[in-house]
There are 2 protein chains.
Amino acid sequence: MITLSEENYLKCIYRLWQDKGQKITPTAIAESLGNNPASVVDMIRKLTDKQLINYDKKKGVELTAQGQKDATMIVRRHRLWEVFLLEKLDYHWDEIHDIAEELEHIKDATLADRLDKFLGFPEYDPHGDPIPKANGKMAKRYSTTLADVKTGGQCRVVAVKDTTSQFLQYLQKLGINIGTKIQLIEKISFDNSLVISIDGAEHKTVSQKFGESLLIDM
Amino acid sequence: MITLSEENYLKCIYRLWQDKGQKITPTAIAESLGNNPASVVDMIRKLTDKQLINYDKKKGVELTAQGQKDATMIVRRHRLWEVFLLEKLDYHWDEIHDIAEELEHIKDATLADRLDKFLGFPEYDPHGDPIPKANGKMAKRYSTTLADVKTGGQCRVVAVKDTTSQFLQYLQKLGINIGTKIQLIEKISFDNSLVISIDGAEHKTVSQKFGESLLIDM
DNA sequence: AAATAAAATTAGGTGAGACTAATTTTATTT
DNA sequence: AAATAAAATTAGTCTCACCTAATTTTATTT
Ligand SMILES: [Mn+2]
Ligand SMILES: [Mn+2]
Ligand SMILES: [Mn+2]
Ligand SMILES: [Mn+2]
């Protein structure tokens, strides 16, 4: 049996692996989960014993085939519940992440599949992240961010990389949603701030961090 | 903050209090939860410190006003999720209890109310138990069992007192559901077995325990 | 009332999952 | 290469929620 904490660690490792192709270190995991590195070392031992990860000082932490499978199914449950909360219970997109963080741990052989069917087999969650199918396959995951767009370039928001309510509420205030069209007017070389036009409206300036948190399609 | 275990204890005490009007002892709680009496004594101390119960060797365990309120809200969540699982995800009534046992612990200020609305404000759960409203009020709770019916008496099943899949599957096999009409043909005085006719069909014999697990309306 | 049985409680212990503080290893500067 | 900084690890502690075994209290028989 896999515990709730183990699941959260697995999911965290999975996310770090998808995000950056970099080496996954104990410190990175600790930061991401808000835990102490010493606790992470304990858990690395546990997950290694359970053959869900491999750890090598050179290569860092890597998911085993089983670990990847498990992580994918946790992500599947998380994203399906997010769709449920938004579409059926009328939550806003900045409220659903934390609740899904708990719902994802409910284990029942057929629950995810039934929920999937009930929701009409959605491809993406409300933040634009692809929902893994029962077989682990999933739709395309975008990786280009607004910060990668060249000056003058036009793009369309396809997903958010940051799901904190601070970021999502800021997006709401700016009128940005999945599907919104953005044009990059200018990149300020001093601090990489971005001057953008949202849906053709007047120019607004956002930070580099902001740009790196929005996934787009050109 | 109230933990998952504390919630399970509270709900257990609430159920024992509703079921039998008897004194609630550590042993009774231990049996009901499948825990050791020593563990129950630990938890009694914790819940007493949190002012959710009172314990007196004479009177046994009693819920405080706050404890009652909390327990009622856990029950509300449990029963609402059961309705969701049955009606929206097409589970059978013998599969939903254990999943709801986990879902009930997910805490979010508005989740239960949204779910309630989404489900159309159901009065009863799939086992015939009344669902507490947001204000704690709930529809009538039946207390007469099939074992209380007099020979020749006619009644209608309104709820099940036992939600184990063993019992529910047995009911399924007998063709008994909420709403089914049952006539008590004879009570065997030797062991209180009951000879019944289900929806006017041929006579069948069931045990006393069975009779005490079915709540009916005359 | 004394003996016996049952229930409640205490004492001490375990494993999970976190922590802090100290130490060791590895990487980066100077 | 030595010094310094950062990262990883170890050692020891804590809380939660359970356990077993022993003891004390309460109830039931004889
Ligand atoms: Mn989680
Ligand atoms: Mn999401
Ligand atoms: Mn529960
Ligand atoms: Mn029920």
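Keep in mind that what you see is a predicted model, and the values were worked out from it rather than measured. The basis for the numbers below is simple: all heavy atoms, side chains too, and nothing from hydrogens, waters or symmetry mates. Residue numbering restarts at 1 for every chain, and letters A, B, ... go by the order of the sequence lines.
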[X] has a side chain; which of [options] sits nearest to it?
X	options	answer
Val41(A)	dT10(D), dC19(C), dT10(C)	dT10(D)
Ser39(B)	dA18(C), dT9(D), dC18(D)	dC18(D)
Ala38(A)	dC19(C), dT9(C), dA18(C)	dC19(C)
Asp42(A)	dA18(C), dC18(D), dT9(C)	dA18(C)
Met43(B)	dC18(D), dC19(D), dT9(C)	dC18(D)
Pro37(B)	dA18(C), dT9(D), dT9(C)	dT9(C)
Pro26(B)	dT9(D), dT9(C), dC16(D)	dT9(C)

_Given Asp129(B), which partner from the list Arg141(B), Lys140(B), Arg15(B) fulfils the salt bridge (charged side-chain N to carboxylate O under 4.0 Å, His left out) test?_
Arg141(B)
_Trp93(A)-Gln172(A) side chain donor-acceptor pair, cut-off 3.5 Å_ = yes
_Nearest-angstrom distance from the residue atom CG of Asn36(B) to P of dC19(D)_ = 5 Å
*Length of the CD-P vector between Glu31(A) and dA6(D), whole Å*: 13 Å
*Please report the shortest heavy-atom distance between Glu6(A) and Met1(A), naming the atom on each side.*
OE1-O, 3.9 Å
_With a 6.0 Å cut-off (strictly less than), is the heavy-atom count around CD of Gln66(A), excluding the residue itself, greater than 12?_
yes
*Can you name the one residue among Leu4(A), Asn8(A), Ile99(A) that meets side chain to side chain contact (heavy atoms under 4.5 Å, CB included) with Glu104(A)?*
Asn8(A)
_Could you check whether Asp113(A) pairs with Arg76(A) (Lys NZ or Arg NE/NH1/NH2 to Asp/Glu carboxylate O, under 4.0 Å)?_
yes
*Can you run through DNA chain C from 5' to 3' and write each base as (, ), [, ], | or . depending on how it pairs? Watson-Crick or G-U wobble, both distances under 3.5 Å.*
||||||||||||||||||||||||||||||
*Could you say whether Val40(B) or Lys23(B) is positioned toward the 5' end of DNA chain D, judged by the nucleotide with the nearest heavy atom to each?*
Val40(B)
*Remember a base hit wins even if backbone is also touched, and classify Asn35(B) as base, sugar-phosphate or nothing at under 4.0 Å, heavy atoms.*
sugar-phosphate
*Residue closer to the 5' end of DNA chain C, Lys58(A) versus Leu4(A) (nearest nucleotide)*: Leu4(A)
*Is the Lys NZ or Arg CZ of Lys88(A) less than 6.0 Å from the centre of Phe118(A)'s six-membered ring, within 45° of the axis?*
yes
